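Working notes, structure below.
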Amino acid sequence: MLIHLCNSMSEDDCLLKKLEISVSEAEKRTGKNAVNMQETYTSYLVETRSLEPPAEGQNSPLDALWRRYSEFELLRNYLSVSYPFVVVPPLPEKRAEFVWHKLSADNMDPDFVERRRIGLENFLVRVASHPMLCHDKIFHSFLTQESGWKEAVNEAGLQMKTDSRLKALNATFRVKNPDKRFTELKHYSDEVQSVISHLLRVRARVADRLYGVYKVHGNYGRVFSEWSAIEKEMGDGLQSAGHHMDVYAASIDDILEEEEHYADQLKEYLFYAEALRAVCRKHELMQYDLEMSALDLASKKQQSEELATGTIRTFSLKGMTSKLFGQETPEQREAKLKLLEEQIVEGEEQLKLRNVESREFVKNSWLEIERFKEQKNRDLKEALISYAVMQISMCKKGIQVWTNAKECFSKM
């Protein structure tokens, strides 16, 4: 995976060519939270080592620091807000989803924590391999500085830049001229999420049934063992066959543990779908602001024209007020005209700026989306092939078990 990620960029740009990054271990801890309540949480050890040639006779120092999952969340939120046109890599799930019944859904379960450790490392590698995100100073601080990076996030104005959910919802329903490409991308991300969710549910049901099929083979082992005790000539063969059945029944635990690795790869793209939608929502907000600016500018131009000509083209409260309480003096009208002219000039500049920002966002986001599609196609192809190879290997082991049992029976 790391080779693929680095090969998709120039060698000079890939941070992974300069820095080795890993999340090497997880540790359960107890402490007090923000409201002074005792809580149990998991910390993850982030290790980095420079790959630049060290000074003669010296080894590159290993930097190591502990990070909580919530700190990874803060980093990702910062990246999402600071680079709105980027499909920011997702974090692994906070709580287990799409689990088969024998798998614990407890977020403190050691197996789940281990899979999340791998997912957090993958997240850091994804960011470090991104042509733009890898150069971010706060990301570098997160990797190498124990403290100070959170203050830098606050100084970057994360809260001020974050668009409210209400505003995003408003933009979705009120944009008059949505970009068809982003509308289609949003629909595509919804469909991808639906398909992968269904695939993961099917896989969980298959895992449940497969577990039962394998474990019931242990009954063969018990029956053959009991049978061997009452047979002199056939006893050894039955005992050996029973042993093969016991081994087969026990093997399912390792098989399904390996399967979880492939399920986590699918889950990553389940969460990537939301990252795609975030880019679409940002474009909707920009388009909404652009349309509101154009509408506001048109309104001010109309007001200016009405003041200049003394005609009211549309019904307005201002027109009714003039009729009831008399017309404005020439001096008042002149002052209002001057103010409107200033506001029109300012509005035209703002509209021009929003148009430039929108075009730049569209250009950058589509370059990013094309990069993401290449990555997605490559990763999912690799994961599905590996999963198929694992299934083939599992079937071959089953054939081998019964072949061995057949040989045991033949020797009786």
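What you are looking at is a predicted structure, and each value in this text was computed from that prediction instead of being measured. Just the heavy atoms: all of them, side chains too, but no hydrogens, waters or symmetry mates, feed the values below.
- Across all their heavy atoms, I138 and D136 have their closest contact at N-OD2, 2.9 Å.
- Note: I344 CD1 to L351 CG = 12.5 Å, rounded to the nearest 0.5 Å.
- When the shell of 6.0 Å around CD of E334 is examined, it contains 12 or fewer heavy atoms from other residues, nucleotides or ligands.
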From CA spacing to verdict: side chain to side chain contact (heavy atoms under 4.5 Å, CB included), K376, F372
CA-CA 6 Å; K376 171 188 68 76; F372 166 74; 4.2 Å; yes
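- When side chains are defined from C-beta on, Q391 counts as touching E259, because their heavy atoms get closer than 4.5 Å.
- Judged purely by atom type and a 3.5 angstrom limit, E368 has no side-chain atom pairing as donor or acceptor with the backbone of V86.
- A donor-acceptor pair shorter than 3.5 Å cannot be found between the side chains of H243 and Q239.
- Taking 4.5 Å as the limit, every side-chain heavy atom of L367 sits out of range of all side-chain heavy atoms of F85.
- Salt-bridge formation is detected for the pair R126/D379: a Lys NZ or Arg NE/NH1/NH2 atom is positioned less than 4.0 Å from an Asp or Glu carboxylate oxygen.
- One finds the CD atom of Q302 at 11.5 Å from the CG atom of L340 (value rounded to the nearest 0.5 Å).
- In this structure, P178 and T183 approach most closely via the heavy-atom pair CB-OG1, 3.9 Å.
- Panel note: side chain S141, backbone K137; a donor-acceptor pair is recorded below 3.5 Å.
- For Y44 and Y69, the ring centers are positioned 6.0 Å apart or more.
- R29 is not listed as a side-chain neighbour of T40, based on a closest heavy-atom distance of 4.5 Å or more.
- Not a single donor-acceptor pair under 3.5 Å links the side chain of S304 to the backbone N or O of K300.
- At distances below 3.5 Å, not a single donor-acceptor pair connects side-chain atoms of N122 with backbone N or O atoms of I118.
- The cationic group of R68 lies under 6.0 Å from the six-membered ring centre of Y41 and within 45° of the ring axis, placing it in a cation-pi geometry.
- Residues Q400 and N404 have side chains that bring a donor and an acceptor to within less than 3.5 angstrom of each other.
- Considering CD1 of I385 and CE of M390, their distance stands at 15.0 Å, rounded to 0.5 Å.
- A donor-acceptor pair under 3.5 Å links the side-chain atoms of S386 to the main chain of E382, judged by distance alone.
- In this structure, L270 and L200 have side chains that are in contact, with non-hydrogen atoms separated by less than 4.5 Å.
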Given N177 and Q287, is the side-chain hydrogen bond (donor to acceptor under 3.5 Å, both in side chains) satisfied, shown in steps?
CA-CA 8 Å; N177 299 299; Q287 182 65 21; over 6 Å; no
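- Using a cutoff of 4.0 Å between basic side-chain nitrogens and carboxylate oxygens, E93 and K267 are scored as salt-bridged.
- Under 4.0 Å is where a charged nitrogen must lie from a carboxylate oxygen, and between E306 and R333 no such pair does.
- At least one side-chain heavy atom of P92 sits less than 4.5 Å from a side-chain heavy atom of L120.
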Enumerate donor-acceptor pairs with a distance under 3.5 Å from any side-chain N or O in residues 142-152 to protein atoms, sequence neighbours excluded.
residue : atom : partner : partner atom : Å
T144    : OG1  : H140    : O            : 2.7
K150    : NZ   : E71     : OE2          : 3.3
E151    : OE1  : G148    : N            : 3.3

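- In this structure, CG on L45 lies 7.5 Å from OG on S22, to the nearest 0.5 angstrom.
- Applying the side-chain contact (heavy atoms from CB on, under 4.5 Å) criterion to K352, with sequence neighbours excluded, gives E349.
- Ion pairing between D253 and K215 holds under the 4.0 Å rule for side-chain N and carboxylate O.
- Residue E357 places its CD atom among more than 12 non-hydrogen atoms of other residues, nucleotides or ligands, all under 6.0 Å distant.
- The nearest pair of heavy atoms linking L15 to A128 is CB-O, 3.3 Å.
- Between the side chains of Y188 and Q193, not a single donor N or O lies within less than 3.5 Å of an accepting N or O.
- Annotation for P84 and V279: closest pair O-CG2, 3.8 Å, computed over non-hydrogen atoms.
- Within a 6.0 Å radius of CZ in F361, more than 12 heavy atoms belonging to other residues, nucleotides or ligands are found.
- The closest side-chain heavy-atom distance from H283 to V362 is below 4.5 Å.
- By the 4.5 Å heavy-atom criterion applied to side chains, P90 and E274 are not counted as neighbours.
- A salt bridge (Lys or Arg N to Asp or Glu O under 4.0 Å) check over residues 394-408, counting only residues at least two apart or in different chains, returns nothing.
- Counting only heavy atoms from C-beta outward, the side chains of Y83 and L133 approach each other to under 4.5 Å.
- For the pair R76 and F123, the cation does not sit on the ring face, since its NZ or CZ is not both under 6.0 Å from the ring centre and inside 45° of the axis.
- Taking the six-membered ring for Trp and thresholds of 30 and 60 degrees, Y214 and Y248 have nearly parallel ring planes, at less than 30 degrees apart.
- Scanning both residues, D246 and G221, for their nearest heavy atoms gives OD1-CA, 3.5 Å.
- Between the side chain of S189 and the backbone N or O of K186, at least one donor-acceptor pair lies under 3.5 Å.
- The minimum heavy-atom distance linking L51 with E20 is given by the pair CG-N, 3.9 Å.
- Note that R371 lies outside the cation-pi zone of W366, set by a 6.0 Å cut-off to the ring centre and a 45° limit from the axis.
- Distance check: E291 CD to R354 CZ gives 12.0 Å after rounding to the nearest 0.5 Å.
- Under the 30°/60° scheme for interplanar angles, the aromatic rings of Y220 and H217 are found to stand perpendicular.
- Taking 4.0 Å as the cut-off between side-chain N and carboxylate O, R117 and E25 do not count as a salt-bridged pair.
- Salt bridge R277/D190: present, at least one basic N to carboxylate O contact under 4.0 Å.
- Aromatic rings from F224 and F409 are positioned such that their centres are separated by under 6.0 Å.
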